[in-house]
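Input: a single structure, listed below in structure tokens.
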Number of protein chains: 2
Amino acid sequence: MDGISERKKNILRIVVDEYIQSALPVSSKAITQKHLKDVSSATVRSELSALEEMGYLIQFHTSGGRIPSPEAYKLYIDELMERSALTPEQVRYVKDTFDTRVSRAESIVKSVADVISELTDYTSVALSDPSAEKVKNVGLFPCGKTALLLLVTDLRILKDSFIPLPEGMPEEELARISTILQSVFGGRRMDRVREAEAEAMQAFTAYKETCREVLDALFAYTSRKDVVLSGGNKSIRRAEYRDVEKVEEFLSLVESKERIGELLAQEESEIQIRVQIGGEGVPSDCSVVTASYSAGGRQLGTYGVVGPVRMDYAKVVSVLESVGEILEKVIKNG
Amino acid sequence: MDGISERKKNILRIVVDEYIQSALPVSSKAITQKHLKDVSSATVRSELSALEEMGYLIQFHTSGGRIPSPEAYKLYIDELMERSALTPEQVRYVKDTFDTRVSRAESIVKSVADVISELTDYTSVALSDPSAEKVKNVGLFPCGKTALLLLVTDLRILKDSFIPLPEGMPEEELARISTILQSVFGGRRMDRVREAEAEAMQAFTAYKETCREVLDALFAYTSRKDVVLSGGNKSIRRAEYRDVEKVEEFLSLVESKERIGELLAQEESEIQIRVQIGGEGVPSDCSVVTASYSAGGRQLGTYGVVGPVRMDYAKVVSVLESVGEILEKVIKNG
DNA sequence: GTTGGCACTCTTTTCCTTTAAGTGCTAAAA
DNA sequence: TTTTAGCACTTAAAGGAAAAGAGTGCCAAC
């Protein structure tokens, strides 16, 4: 026995569903009229007051209906809510996005964040930590008096910066350096790139200074964790943010890449869903649902949805799970 | 004679300044107390009502002070406001940003937009039209089973996409194609790239199919106008957008790249400032200040600031002009 | 255990009054 | 002719009481 009857659970689910949808406190009458037509409002009322007693519901004033507590949301997420699969069109949309984005060499992390925001209608955030990626190709692309340093990892995240070249450096030299870079660093995990510094420097025979610069730029990539945001102003349209102060609070969270980074930087199992409602670095009226994606033992980034506590968790969790599965497949086949 | 006395102009300037700062209707009393201590409020009052008669001021109700009309803003921008130069720190900030961004190969258009938004504290938009840019370097970068098509223009806008390669294609072939691409297209204006299609196809001797794909991807770049946004949620914090509907209106403008593109896609002289207040594709409560930058006869993009009608035009115009000058210098020396 | 009924509580709405701000006008002063 | 002081007038904003509305809690009956 869980201490909480099936009927109570059902009623709690109704309350949460209803409140998520309407943003209004839920009354016993509304429940009996819309969902539980076979019992009277008085019955529901007694159940509601029991649920309040147990800490699942909150009542601001005696005539104001009830809203779910954070505990209710947790229970809702764990047991009550009904997940829904993506529609075939949505699945197609996700795959198409990945395909076209990847061929246009856009960061896959950004693409995933965009897709999540698009499907959930909430602000999404993502943390791309390059440590676990593998260097696929690295080299210099000639560009007049400068060269473009390129690094392509197996996640297809592409980074680049211009390196000034000394006067009169022959073009073959660039190719030589590229070959060395590729043979020394190719296939390495990003967090192991630095270890090959000595080896690389030894292989460089001329233009050591330029090579030094190249290495420095390259090393800078390997540790650059990137926080990506998508759909930033979707949240502003939500009911809880009619209040300017709340918007401020939300924006200050979302705009601070450090704080978002901290929220995301954790865990790393399979598609792992984690929900933080208020507290611990999250403003009281915000909720963060994060998911860590990985495939073949490699992290594919941590993604999250940020929004008000009254969030459509069923939708968000469904989307996060589905997108994760699709991404895994895409990565494995790519 | 302009039909409008110096004193009227002065008073109008005070009203606009005051209203821009406070967002509150300006009263005759406030004017005499803060600025015109040598005349009485009654005098100012008669001037104000004359200015209202002339269409420069608007009064919502008889006891509510007055606010500037769009015509007043126009006059203010043309004659009344005092421009201010950037502080030395700001100038340094702009230059530094350009320097580091360019060496990190970020789009200069995005950098300019960021700088403008940062300095003005408004949402900024930019339209990068590649037509007038010149191809600096173009080529393929080997990347396993695919190749990365890279295009660097003199504005350092870098575009790239992955091209799948046929099985067993030798690496030298990539270099060959790159050389051809560079010699055929290098130095061309972007809008002239297409014209060399036949010449390029003729030069390709093998792997014609892949070459075709490369050309298609390349041509796609040449026409891709890009709308860039920066500081999107700065505007939401402004006084006029306490109202959710207004925010909606603003966001729907800002989020629609087409509409922004239309607003920006015009003119092309020197640093050309243009102001649109309401009307013609701009929501009634929005104002757009655009500036077209060019150096040495070449367009460097069109930039704009989007915000409420009550905008700090003096600041915005000053920033747009100053940033334009700095950008010109940077481009000429680069 | 469930239900109908009803009193009770608290918010929301409405309407009215008061207050405050600012103007418009006029007659006098400069 | 322009400026000023004074005062009546207008209107929004602020305050407050009363009425309405929504929901609950509880009790007695089923």
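Every chain is numbered from 1 and lettered A, B, ... according to where its sequence line falls, protein lines coming before strand lines. Every value quoted in this text rests on a predicted model; they were computed, and no experiment measured them.
Of the charged side-chain nitrogens involved, at least one lies within less than 4.0 Å of a carboxylate oxygen, so that K234(B) and E118(B) count as a salt-bridged pair. Under a 4.0 Å N-O distance rule, the pair E6(B)/R13(B) does not qualify as a salt bridge.
As rounded to whole Å, 11 Å separates atom P of dG24(C) from atom CG of L57(B). Rounding to whole angstrom units, CG of residue L51(A) and P of dG25(D) are separated by 12 Å. Between I31(B) atom CD1 and dT23(C) atom C1' there is a gap of 13 Å when expressed in whole angstrom units. Atom P of nucleotide dT23(C) and atom CD of E47(B) are separated by 14 Å, given to the nearest angstrom. One can place CG of L24(A) at 14 Å from C1' of dG21(D), the figure rounded to the nearest angstrom. Following rounding to the nearest Å, L36(A) (CG) and dT3(C) (P) show an atom-to-atom distance of 11 Å. Between K29(A) atom NZ and dC6(C) atom C1' there is a gap of 15 Å when expressed in whole angstrom units. Straight-line distance from the CG atom of D38(A) to the C1' atom of dG1(C): 14 Å, rounded to whole Å.
Separating the CD atom in E71(B) from the CD1 atom in I58(B) is a distance of 7.5 Å, to the nearest 0.5 Å.
Comparing S49(B) and S63(B) along DNA chain C, the residue whose closest nucleotide (by nearest heavy atom) sits nearer the 5' end is S63(B). Heavy-atom nearest nucleotides on DNA chain D were determined for F60(B) and for V39(B), and the one closer to the 5' end corresponds to V39(B).
Counting atom types as modelled, R45(B) pairs a side-chain N or O with a base atom of dG24(C) as donor and acceptor under 3.5 Å. With hydrogens and angles left out, the side chain of S40(A) and the base of dT3(C) share no donor-acceptor pair within 3.5 Å.
There is a side-chain donor-acceptor pair under 3.5 Å between T290(A) and R274(A). Of the N and O atoms on the side chains of S287(B) and Y313(B), at least one donor lies less than 3.5 Å from an acceptor on the other residue.
Among the heavy atoms of the strands, none lies under 4.0 Å from S41(B). The residue S46(A) sits apart from the nucleic acid: no heavy atom pair falls under 4.0 Å.
Regarding contacts with the backbone of dG22(C), a side-chain N or O of S27(B) is found under 4.0 angstrom from either OP1 or OP2. Under 4.0 angstrom from either OP1 or OP2 of dT11(D) there lies no side-chain N or O belonging to Q59(B). Listed pair T62(A) / dC8(C) fails the phosphate criterion, with no side-chain N or O lying under 4.0 Å from OP1 or OP2.
Side chain of R66(B), nearest nucleotide from dT11(C), dT2(C), dG24(C): dG24(C).
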